[in-house]
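One structure is given below, encoded as structure tokens.
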Amino acid sequence: MYTDKVMDHFMNPRNVGEIEKPSGVGEVGNPTCGDIMRIYIDVEDDIIKDVKFKTFGCGAAIATSSICTELVIGKSIDEALKLTNEAVAEALDGLPPQKMHCSNLAADALHKAIADYKAKREDSKE
Amino acid sequence: MRRVYLDHGATTPVHPEVIEAMVACMRDHFGNPSSVHSFGREAKKLLEDARSNVAKLIGARPEEIIFTSGGTEADNLAIFGVARAMRKKGNHIITSAIEHHAVLDACLALKKEGFEITVLPVDEYGMVKIEDLKAALRPETTLVTIMHANNEVGTIQPIQEITRIVKEHGAIMHTDAVQTAGKIPVDVNDLGVDLLSASSHKIYGPKGVGCLYIRKGTKLFPLTHGGGQERKRRPGTENLPGIVGFGKAAEIMTRDLPEETSRMTKLRNRLIEGLTAIPEVKLNGHSTDRLPINVNVSIRYIEGESLLLMLDMKGIAGSSGSACTSGSLDPSHVLLAMGIPHEIAHGSLRLTLGRDNSEADIDYVLQVVPEIIERLRAMSPLYDRKEAQTCTPIK
Amino acid sequence: MRRVYLDHGATTPVHPEVIEAMVACMRDHFGNPSSVHSFGREAKKLLEDARSNVAKLIGARPEEIIFTSGGTEADNLAIFGVARAMRKKGNHIITSAIEHHAVLDACLALKKEGFEITVLPVDEYGMVKIEDLKAALRPETTLVTIMHANNEVGTIQPIQEITRIVKEHGAIMHTDAVQTAGKIPVDVNDLGVDLLSASSHKIYGPKGVGCLYIRKGTKLFPLTHGGGQERKRRPGTENLPGIVGFGKAAEIMTRDLPEETSRMTKLRNRLIEGLTAIPEVKLNGHSTDRLPINVNVSIRYIEGESLLLMLDMKGIAGSSGSACTSGSLDPSHVLLAMGIPHEIAHGSLRLTLGRDNSEADIDYVLQVVPEIIERLRAMSPLYDRKEAQTCTPIK
Ligand SMILES: Cc1ncc(COP(=O)(O)O)c(C=O)c1O
Ligand SMILES: Cc1ncc(COP(=O)(O)O)c(C=O)c1O
Ligand code: FES
Ligand code: FES
């Protein structure tokens, strides 16, 4: 059902955990199956220094979370915002059709975390 | 790697004696049972021997057994068959919320044909309440279909009592015994039912064959039309190797039932004890009115599919009522009907025992499962919250 | 005693390689194809490999193949499925007088649901006439179902031409290819059909499994309801060993088709020549547009069942369209539709060839049959009369 790459990221997920004082946090619940992902980012000079995640969901949800963190560490927030669900699925060599919605979790949570970071930055400027 | 198959509720390995009987049938007796010549007569004899063995398994007479392509077809034949045949008498059918989709979806399809369907609720253990049944029966009720034991949580319904009430009311009683025939004692006359479905591949026979018991005198329209096979109730050249395999499996199950039941019950109880000793793991279903092979637990803060995948990497095969495994959007309708919330149903694990399982298998599972739960919970955002006490406790 | 099986139109022996594949499936890959774990995935792979092999046999894409419990179910699924799904568009269905009962009886059952059925006649060779089809098509015609080759007399219909007309008219075309798929070249795209039924046990696969080809985009209601298997068109745990056997048989037939067809044709022609050399024995069906395995003759003044029994005593297995073998009161509806009188249809003999038949088998049959005919005619009061010239001659 899953590609080797999905299984690798599922069995050995990268960057699981939390960041103590994160620059931003994003959480999404997938309304279709009730799964939840939370992503923490640490940003310095608009560059994502570190990402951590926690996910409650299927193998695809955990694997997409994991690869998503790998894809954006070291990127600028503008680059990270360009990350799409399709790109996440592609980086895993594809997902089964009935699992495509799981890839929404990761990118959406990341985008929310970045929005949270931006909002916090605006707050602190004021 | 050690491989421990604990998904016997989904399907079972085929018994070596069953394979042998099927090979002998295909190699030496390939005739069409409808043919006049000796090849046909030999095939016919095998067909009727198998029918006797299957009849014996459930205390029926051979002429009351119709072979089908499985439990799903048997359920559909019973429900469509009786509902349509009795249409002039009434258009009301009663079923329960925890039936297999073969029953539930057949009833839903009848709704589109203008039938009225009452779906009885169940209590937190998955049990139908007798009062609910009594309240639901109407003059125009023609058919009640309630399963003998549930495939997901293993709860065994009081079919004898249910049937008594249904028959007193003058309606026809069907039970889906796919999970019980061959696993616990099943006798159509003790139960009193008019129709009963069974399936071969749940009891070490081949997939693709099952049967419907039809009590003499029960009116029923066929689902399909064609040759005159199976007393015109189920046309088509008979699946002879499959039927022979089913017959052999029935024979073996009849023989080994008492011994296997007590062995399974012991293994099951050990497994339940071990799993429910893990924090926030809770048994689903009834603690005693329960299939000897069935263990079903909810494991909070984790999701079932990822649990199954990690178990699979350790060689353990189980199943889950999680929405993520269902291909549809909802978790198990059975767990939901029992009042279990979505997020907890998501973390359900079903382990179903079989003849090939040993004490050592249970030891292995009880060693592996806690480690995996630990790992998945460490990844779970819900588990965080729990530590912060923001989660509703399991009731 | 020599045993010569000449009833391959009824069913075939299972090919040893097919048995081997089925045993391997049951022994090593017994999982449920719907399961998440490795046992399930292995089973799923076998299922999909078999689907590819069956698709290849008829030039289809794997996703257009739905496995069923046989040819009868495939025919019923096609006919009920399309008729009910297209009901809003129209309620007229066209079929032919020589269809298998799986088609004819399904159409008759639809009549009770309010559909109108036109049954096309056939000529003396069992051939549908194109003009009759054209005349029968109406604006409300939704489905035409005409068999590829007839099981009794072997006549092959011009399905390509028929389909062209049906499709031009905007109706859906189904053909029952149970007697052709695997025996003569069958390609769904050459034929142009929307639906095509095939069965495993006619081509050295196991009984109890078949398939329906459904061209992409064809609307169809399922016959039964339940799990989501086979794209929701045919629920129930898949008959995996049967399907694997069917897949293997399809693979073998694809490989051996050209060679076997020419070998069968030669044996068939010898058998026809030999039998029709007997006085007052006449070939039924078409002389050239005919299945390579099919021989069907009418033998005047004798009755089919007694002929079959005597052949059986000599180890020869055949079949007959006699009323006495049919269990009903009438002789073969196919022979009657071809205009063959009752008393002559009574004396029909069908011998259908297979892979295991040799020249020596034909020699044996051609030695035994004349003796038996002699014996039976000597017992027949009709034969007396014939000598007294009171019988209507065979036209
Ligand atoms: C309770 C119950 N009913 C019906 C079925 C369907 O039987 P089959 O798989 O033979 O179609 C199953 C198994 O899948 C079952 O567990
Ligand atoms: C032309 C034709 N259609 C349908 C069938 C039915 O197929 P099955 O025996 O697989 O149900 C047969 C054989 O019996 C047949 O010869
Ligand atoms: S998270 Fe539920 S299907 Fe992927
Ligand atoms: S003579 Fe006996 S059945 Fe026809």
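Values below: every heavy atom of this structure, side chains too, minus hydrogens, waters and symmetry copies. So you know, we letter chains A, B, ... as the sequences are listed, proteins then strands, and number each from 1. Note that the coordinates shown come from a computational prediction; the quantities given were computed from them, not determined experimentally.
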Please tell me if the side chains of B:Leu366 and B:Arg270 come closer than 4.5 Å, counting only heavy atoms from C-beta onward. yes
Tell me, side chain or backbone of B:His342 under 4.5 Å from chain A's heavy atoms, or both, or neither? neither
Chain B heavy atoms under 4.5 Å from A:Pro13: which part of the residue, side chain, backbone, both or neither? side chain
Are B:Arg355 and B:Tyr204 in a cation-pi contact, defined as NZ or CZ under 6.0 Å from the six-membered ring centre and within 45° of the axis? yes
In sequence, state the C-alpha distance, the side-chain angles, and the governing distance for A:Glu18 and A:Lys54, and then conclude on salt bridge (charged side-chain N to carboxylate O under 4.0 Å, His left out). CA-CA 7 Å; A:Glu18 297 166 21; A:Lys54 284 210 164 182; 3.3 Å; yes
Interface moiety of B:Met310 toward chain A, non-hydrogen atoms closer than 4.5 Å: both
Where do B:Arg268 and B:Arg290 land on the side-chain contact (heavy atoms from CB on, under 4.5 Å) test, with the steps shown first? CA-CA 10 Å; B:Arg268 179 196 73 185; B:Arg290 182 180 198 99; 3.6 Å; yes
